[in-house]
Amino acid sequence: MRTLTIGKNDAGQRLDKFLTKNFKTLPMPLLYKYIRLKKIKVNRKRAEQNTVLCEGDTVELFIKEEFFEAVTQDNAYRRVTPHLEIVYEDDNILLCDKKPGLIVHSDEEEEVNTLINQIKAYLWKKGEYVPEEENAFAPALCNRIDRNTGGIVIAAKNAEALRVMNEKIKQGEIDKRYLCAAHGRFEKKEGVLRGYLKKDSQTNMVSVFEKKTTTSREVKEIITEYRVLKEKNDLSLCEVHLVTGRTHQIRAHLSSIGHPLLGDGKYGVNRDDRREGYKFQALYSYKLTFAFRTESSLDYLAGKTVEVNRDHIWFLKEFS
């Protein structure tokens, strides 16, 4: 018999969802059978699979020992020395200015030095993230940007903040603005670009079309607003607002109208850019506004705007 105490970051979950996260070797049919036979109780009483857990509740499990697999913590962050540029932080969220070249999550090439591990290391060293006190939650990113793009990434410090921020992003209540340097001079100095985007998962590239020629679910509508701020040496500095947020949308959409980004080897022919030493695409998520329209536990953020230090946007020197 084992007893688990529900902490703040596990509260609000259904009993069955909580158990599937924590006992990965326990088959679902058997899990529901144990609940039905009162071998899994909440606060020493019979519970239903959809019982919502509250902070301080106890979950008693009278099940076979084989299902109590050790909870393995990913300790990679403990080997990381965090070097974060924090643009905003409170008890619930943390906003970082991610530098180009740093990946947000691990991949085949990099497993340890990632943005999320740097954030975990930072919070662990501060004593705000104590894995031993958590059953399932760990600090998590609410949005992500490409390895070679810089800018603001939101991290949630607790489960409630993660739930709210994910919902706000889904509902379009987070307004993000980008700066980019594009090749050529735009005929229209501001406008709204519309089109359709299709992603090729094998090549991790997208294609942009003016018209939708298929009903495939893989084809998504894209809307990109842009405004030219400066022009110099056949380059245009633009502020971009994504009405829709699709994979590589800014890079592919601007390239499709003849204005690939400076340094972009995926959607532009950038042999000359490489020779000049440009290693990253000239794109930066530089400003974010919490444009909340619906009530939530994070209402204190409503209307707040956060902006990166413009000295960190490497391509702005091209327009000075």
- Query: Can you tell me if H105 and T114 form a side-chain donor-acceptor pair at under 3.5 Å?
  - Reply: no
- Query: T294 versus E167: any side-chain heavy-atom pair under 4.5 Å?
  - Reply: no
- Query: Is it true that a side-chain atom of S296 and a backbone atom of L298 form a donor plus acceptor pair closer than 3.5 Å?
  - Reply: yes
- Message: Could you work out, with side chain to side chain donor-acceptor pair (under 3.5 Å) as the rule, every residue matching R274, not counting sequence neighbours?
- Response: none
- Look at atom NZ of K99 and say whether more than 12 heavy atoms of other residues, nucleotides or ligands are closer to it than 6.0 Å. yes
- Count the heavy atoms of every other residue, nucleotide or ligand shown that sit under 6.0 Å from CD of E85, and state whether that count exceeds 12. yes
- Task: Please tell me if the side chains of P82 and K125 come closer than 4.5 Å, counting only heavy atoms from C-beta onward.
- Result: yes
- Message: Does either side chain, that of N9 or that of N158, offer a donor lying less than 3.5 Å from an acceptor on the other one?
- Response: no
- Message: For the residue pair E60 / T58, report whether a side-chain donor-acceptor contact shorter than 3.5 Å exists.
- Response: yes
- Message: Holding to side chain to side chain contact (heavy atoms under 4.5 Å, CB included), I want the full list of residues that pass it with E128, two or more places apart in sequence or in another chain.
- Response: E89, L123, K126, K157
- Task: Quick one: closest heavy-atom pair of K98 and Y284, and the distance?
- Result: O-OH, 3.8 Å
- Message: Which residues pass the ring-ring contact (aromatic ring centres under 6.0 Å, His included) test with Y88, not counting sequence neighbours?
- Response: none
- Compare every heavy atom of S297 with every heavy atom of V164, then report the nearest pair and how far apart it is. CG2-OG, 3.7 Å
- Query: Which is it for Y129 and Y77 under the ring pair (Phe, Tyr, Trp, His ring centres under 6.0 Å) test, yes or no, and what are the steps along the way?
  - Reply: CA-CA 11 Å; Y129 172 45; Y77 65 89; 5.6 Å; yes
- Write down the atom of C238, the atom of V228, and the distance for their closest heavy-atom approach. SG-CG2, 4.0 Å
- Query: Can you list the residues that meet the ring-ring contact (aromatic ring centres under 6.0 Å, His included) rule with H248, with sequence neighbours excluded?
  - Reply: Y267
- Task: With sequence neighbours left out, write down each residue that passes side chain to side chain contact (heavy atoms under 4.5 Å, CB included) with P27, or none if nothing qualifies.
- Result: P29, L30, F67
- Query: Is there side-chain contact between D57 and T5, with at least one heavy-atom pair below 4.5 Å?
  - Reply: no
- Do K168 and E173 sit within salt-bridge range, that is, some charged N less than 4.0 Å from a carboxylate O? yes
- Item | Any D146 side-chain heavy atom under 4.5 Å of R251 side chain | yes
- Task: Would you indicate whether the side-chain heavy atoms of N92 and E160 approach each other to under 4.5 Å?
- Result: no
- Here the gap from L19 atom CG to L53 atom CG, rounded to the nearest 0.5 Å, amounts to 7.5 Å
- Note on the structure: All heavy atoms of A252 vs all of V206, minimum pair found to be CB-CG2, 3.4 Å
- Hey, could you give me each pair passing ring-ring contact (aromatic ring centres under 6.0 Å, His included) that has a residue in residues 198-233? Not counting sequence neighbours. F186-Y226
- Query: Between the side chain of H259 and the main-chain N/O of L254, is any donor-acceptor distance below 3.5 Å?
  - Reply: no
- Item | L94 side, atom CG; L84 side, atom CG - distance, nearest 0.5 Å | 7.0 Å
- Shortest non-hydrogen contact from N204 toward K266: O-NZ, 3.1 Å
- Item | Neighbour count >12 (heavy atoms, 6.0 Å) for atom NZ, K189 | yes
- Message: Rounded to the nearest 0.5 Å, what separates atom CZ in F290 from atom OH in Y300?
- Response: 8.0 Å
- Message: Tell me whether K8 at atom NZ has more than 12 heavy atoms from other residues, nucleotides or ligands lying less than 6.0 Å away.
- Response: no
- CD1 on I116 to CZ on R144, rounded to 0.5 Å: 10.0 Å
- Other cluster members, V192 - Ile/Leu/Val/Met/Phe/Trp/Tyr, side-chain contacts below 4.5 Å: I223, V243
- Item | V240 and R177: CA distance, side-chain angles, deciding distance, side-chain contact (heavy atoms from CB on, under 4.5 Å) verdict | CA-CA 6 Å; V240 178; R177 303 285 164 153; over 6 Å; no
- Got a sec: does the NZ of K198 have more than 12 other heavy atoms crowding it under 6.0 Å? no
- Give a yes or no on whether the backbone of Q171 and the side-chain of R293 come within a donor-acceptor separation of less than 3.5 Å. yes
- Working to the nearest 0.5 Å, report the span between CG of N22 and CD of Q13. 8.0 Å
- Query: Does a side chain donor of either E221 or T244 reach within less than 3.5 Å of an acceptor in the other side chain?
  - Reply: no
- Verify same cluster id: L15, L26 (apolar side-chain graph, 4.5 Å): yes
- For R310, enumerate each residue passing the side chain to side chain donor-acceptor pair (under 3.5 Å) test, keeping only those at least two apart in sequence or located in another chain. E307
- Item | Minimum side-chain heavy-atom gap L283-I250 below 4.5 Å | yes
- Pairwise side-chain contact, L4 with L61, heavy-atom cut-off 4.5 Å (strictly under): yes
- Which ring-ring contact (aromatic ring centres under 6.0 Å, His included) pairs, counting each pair once, include a residue from residues 44-64, with sequence neighbours left out? none
- Just wondering, are more than 12 heavy atoms of other shown residues or ligands nearer than 6.0 Å to CG in N50? yes
- Item | Min side-chain heavy-atom separation L162-C142 under 4.5 Å | yes
- Value rounded to 0.5 Å, distance of CD in Q249 from CG in L197: 7.0 Å
- Query: Residues in side chain to side chain contact (heavy atoms under 4.5 Å, CB included) with N233, at least two apart?
  - Reply: none
- Item | Connected-component partners of V80 among ILVMFWY, side-chain separation under 4.5 Å | V112
- Is the NZ atom of K279 crowded by more than 12 outside heavy atoms at less than 6.0 Å? no
- Please check if atom CZ in R147 has more than 12 non-hydrogen atoms from other residues, nucleotides or ligands closer than 6.0 Å. yes
- Item | NZ/NE/NH1/NH2 to OD/OE distance under 4.0 Å, R14 and D16 | yes
Per-pair distances, 0.1 Å, donor-acceptor, side chain in residues 311-320, under 3.5 Å, sequence neighbours excluded:
unit_1, atom_1, unit_2, atom_2, d
H312, ND1, D97, OD2, 3.3
K317, NZ, W314, O, 3.2
E318, OE1, Y278, OH, 3.3
E318, OE2, Y278, OH, 2.6
S320, OG, K317, O, 2.9

